[in-house]
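First up is the structure itself, then whatever we jot down about it.
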Amino acid sequence: MSTYQWNDHTYDVVVVGAGGSGLRAALGCAQAGLRTACVTKVFPTRSHTVAAQGGIAASLGNMSEDNWRWHMYDTVKGSDWLGDQDSIEYLVRHAPDAVYELEHWGMPFSRTEEGKIYQRAFGGMTKNYGEGPVQRTCAAADRTGHAMLHTLYGQSLKYDVDFFIEHFALDLIMDEEGACRGVTSWKLDDGQLHRFRAQKVILATGGYGRAYFSCTSAHTCTGDGNAMVLRAGLPLQDMEFVQFHPTGIYGSGCLITEGARGEGGYLTNSKGERFMERYAPSAKDLASRDVVSRSMTMEIREGRGVGAEGDHIHLHLDHLDPKILHQRLPGISESARIFAGVDVTKEPIPVIPTVHYNMGGIPTNFHGEVLTKKGDDPDHVVPGLMAVGEAACVSVHGANRLGSNSLIDLVVFGRAAGLHCGDTIEAGARQPELPANAGDNATARLDKYRHAEGGTPTAALRLNMQKIMQTNCAVFRTGEVLEEGVRKIAECYTGLPDISVKDRGMIWNTDLVETLEFDNLIAQAAVTVNGAANRQESRGAHAREDFSERDDENWMKHTLAWCDDNGAVNIDFRPVHAYTMSNDIEYIKPKARVY
């Protein structure tokens, strides 16, 4: 083994990731007087939250009457009853405060004539328990994530969070008792390795959309925290639930926000029909994302797709006032011009369902504490480890996330994690020394790939994995296709020993970074396709043609999946929380999910 030197640091809290949830958690910890570090792979304002367009959901009631109970009902229904209702209640009750907090920190929201925060309609967001659409999604034009990320980064600097920028997180440091004691990283610009000792590590590393061939995620979305958790012998939850956003630009996968439909856009097939009226008679184009994605896929399958290949759908904004487009959807107009060569004021945008969001992730409670199953206890807290954002599965999104619930998830649970750390950690408390072998797992893995001399480049193995996931774990699924996916991903694993890395250096070695990211991705691909093959029902984003109904009797439970270094997956379950956080609302009972 090569000899590596460690640079050692001690903090009260180390946050891994500087997107919306990571910055909000780091900010909250720093506000509580805790010495806080934020370790991030990219510059904070380059985190993928910057790409969020449509808005952030909160029942402010600025455009019409609204109520957190209605928001809760919509979120439970959107989750197809797989969401934990205590966590959902926590989310929707704290949502307005979290948005006002952003406003007070200077986030430049779009405004109504009276100067209130502008809110737009979004899929699945309704008034009076499903009666009709409501404008609940607070927006900063179509650049809401961009505005939010810059606001949070500015506040984090104000409260003296220490940033370690362009550090690639390698692995968790776990002790004999199974507690998390810290995390290791590789600093890309000088090649040095760092060990961070902390009372709490908060993972905020985002989703793993890049396990698929066509997705709206940045190339950095490789679920590094999820993979670190798997390597620590802990499970991931509900990974079979992968959301396809209905409107990725055909060809590039670049996102067209649901806010485009919220402002009055609509979908048509090759006959020019507004087909969503057939599939979701009341919500139409603003049904929830899984419903719209499946409806589009059905139109294409039945020969009503548009284009020379008949393989996509048209999204119309050309009937809207160009002034409205310029004011509320400027980024969309620009993206359509660049990626599709389309002038949205005159012609429709070619779109296709594209992988967009991972409902599954690291199981946590609503404080952000990471959970695992230990004996008969399905809610055993892993000491020292927390997770927030898309990396986490608090299970507010269950089997399908409602649009604009992700940004509110980031700030509400990022804030909750900061509050919990403030309540449970003594600032500057003495920490025991790290285990003698701390970080050996990270250097062994780094060394293995840095000196890999096989015959297959990382890009070829990654492309193979992405195509398997796109083909065998897509919008519609069958047992046969999923079992083939399980087999093919296992075969993909057998290619790992033949991986080829050409650059042996430690400074800006992008070849090695991509190899470590691929190693992270393939473990998540394995648990995703195995979980999907195992779940014999259709629920939310998991739509099986051989089991087309939701089966609450047998499958109203969370999947837990462990994965070893060879890609072997073990599956177990935890119960869905069928209770609320308070007595202010009753448990919302399952019923048929129609829009």
Side-chain angles (χ1 to χ4, degrees), residues 13 15 17 20-22 24-29 32 56-59 68-69 71-76 78-79 81-99 101 200-204 225 229 234-238 241 358-373 377-399 401-402 405-425 557-558 560 574-588:
V13 180
V15 180
S21 64
R24 185 61 191 83
L27 169 55
C29 292
I56 176 168
S59 54
W68 65 263
R69 291 175 179 82
H71 188 185
M72 176 154 174
Y73 171 82
D74 293 338
T75 302
V76 171
S79 81
W81 278 270
L82 196 73
D84 290 337
Q85 294 196 21
D86 55 340
S87 296
I88 294 174
E89 183 184 348
Y90 188 94
L91 174 77
V92 299
R93 293 192 76 153
H94 289 88
D97 285 346
V99 167
E101 191 170 54
K200 286 267 195 282
V201 173
I202 304 178
L203 296 174
V229 161
L234 296 168
L236 296 177
Q237 177 170 293
D238 293 341
F241 297 102
N358 304 108
M359 272 73 72
I362 305 161
T364 73
N365 57 25
F366 57 74
H367 298 300
E369 296 175 301
V370 172
L371 307 175
T372 185
K373 192 168 184 178
D377 179 10
D379 291 335
H380 176 76
V381 171
V382 178
L385 188 60
M386 300 176 80
V388 285
E390 195 176 350
C393 183
V394 195
S395 215
V396 287
H397 308 307
R401 171 173 74 78
L402 291 187
N405 262 357
S406 59
L407 290 189
I408 199 65
D409 166 14
L410 303 183
V411 287
V412 165
F413 292 110
R415 177 175 175 268
L419 290 170
H420 188 70
C421 287
D423 289 343
T424 56
I425 292 177
K557 55 189 177 183
H558 296 300
L560 290 182
R574 351 183 357 241
V576 173
H577 290 182
Y579 49 84
T580 56
M581 188 181 71
S582 72
N583 294 326
D584 295 338
I585 188 167
E586 285 184 8
Y587 172 70
I588 298 165

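Smallest separation of non-hydrogen atoms from Ser21 and Ala204: OG-CB, 3.6 Å. When all heavy atoms of Pro363 and Arg574 are compared, the pair lying nearest together is CB-NH1, 4.1 Å. The two atoms that bring Ala95 and Ala57 nearest to each other are CB-O, 3.8 Å, heavy atoms only. Here the closest heavy-atom approach between residue His71 and residue Ser59 is recorded as ND1-N, 4.4 Å. The two residues Arg93 and Ser582 have their closest heavy-atom pair at NH1-OG, 3.1 Å. The two residues Val412 and Ala98 come nearest to each other via the heavy atoms CG2-CB, 3.9 Å.
The CG atom of Leu236 sits 6.5 Å away from the CD1 atom of Ile362 when rounded to the nearest 0.5 Å. For the atom pair CD1 of Ile202 and SG of Cys29, the computed distance is 4.0 Å after rounding to the nearest 0.5 Å. In this structure, CD1 in Ile408 is found 13.0 Å from CG in Leu402, a value given to the nearest 0.5 Å.
Every ring pair (Phe, Tyr, Trp, His ring centres under 6.0 Å) that His94 has, sequence neighbours left out, goes to Tyr90. Tyr587 meets the ring pair (Phe, Tyr, Trp, His ring centres under 6.0 Å) test with no other residue; sequence neighbours excluded. Listed by chain and residue number, nothing satisfies the salt bridge (charged side-chain N to carboxylate O under 4.0 Å, His left out) test with Asp97 (two or more places apart in sequence, or in another chain). Not counting sequence neighbours, Asp84 has no partner by the salt bridge (charged side-chain N to carboxylate O under 4.0 Å, His left out) test.
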Passes side-chain contact (heavy atoms from CB on, under 4.5 Å), Thr580 versus Met72? Steps please. CA-CA 10 Å; Thr580 56; Met72 176 154 174; 3.8 Å; yes
Show your working on side-chain contact (heavy atoms from CB on, under 4.5 Å) between His577 and Asp379 and close with a plain yes or no. CA-CA 10 Å; His577 290 182; Asp379 291 335; 3.4 Å; yes
Hey, mind stepping through Ile588 and Trp81 against side-chain contact (heavy atoms from CB on, under 4.5 Å) and telling me if it holds? CA-CA 9 Å; Ile588 298 165; Trp81 278 270; 4.1 Å; yes
side-chain contact (heavy atoms from CB on, under 4.5 Å) evaluation trace for Glu101 with Val411: CA-CA 10 Å; Glu101 191 170 54; Val411 287; over 6 Å; no
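Here the side chain of Trp68 pairs no donor or acceptor atom with the backbone of Glu89 at under 3.5 angstrom. Here the side chain of Arg24 pairs no donor or acceptor atom with the backbone of Ala417 at under 3.5 angstrom. Gln237 contributes no side-chain N or O that, together with a main-chain N or O of His558, makes up a donor-acceptor pair within less than 3.5 Å. Counting only distance, with no hydrogens or angles, the side chain of Gln85 and the backbone of Val76 share no donor-acceptor pair below 3.5 Å.
Among residue pairs with one or both ends in residues 411-422, those qualifying as side-chain hydrogen bond (donor to acceptor under 3.5 Å, both in side chains) are Glu369-His420; sequence neighbours excluded.
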For residues 382-397, which side-chain N or O atoms pair as donor and acceptor with protein atoms under 3.5 Å away, sequence neighbours left out?
unit_1, atom_1, unit_2, atom_2, d
Glu390, OE2, Asn358, N, 2.8
Ser395, OG, Leu82, O, 3.4
His397, NE2, Tyr357, OH, 3.3
His397, NE2, Asp409, OD2, 3.0

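In this structure, the side chains of Leu203 and Val229 come closer than 4.5 Å at one or more pairs of heavy atoms. Counting heavy atoms from C-beta outward, Ser406 and Arg401 have side chains that approach closer than 4.5 Å. Between Phe366 and Leu91 the shortest side-chain heavy-atom distance does not fall below 4.5 Å.
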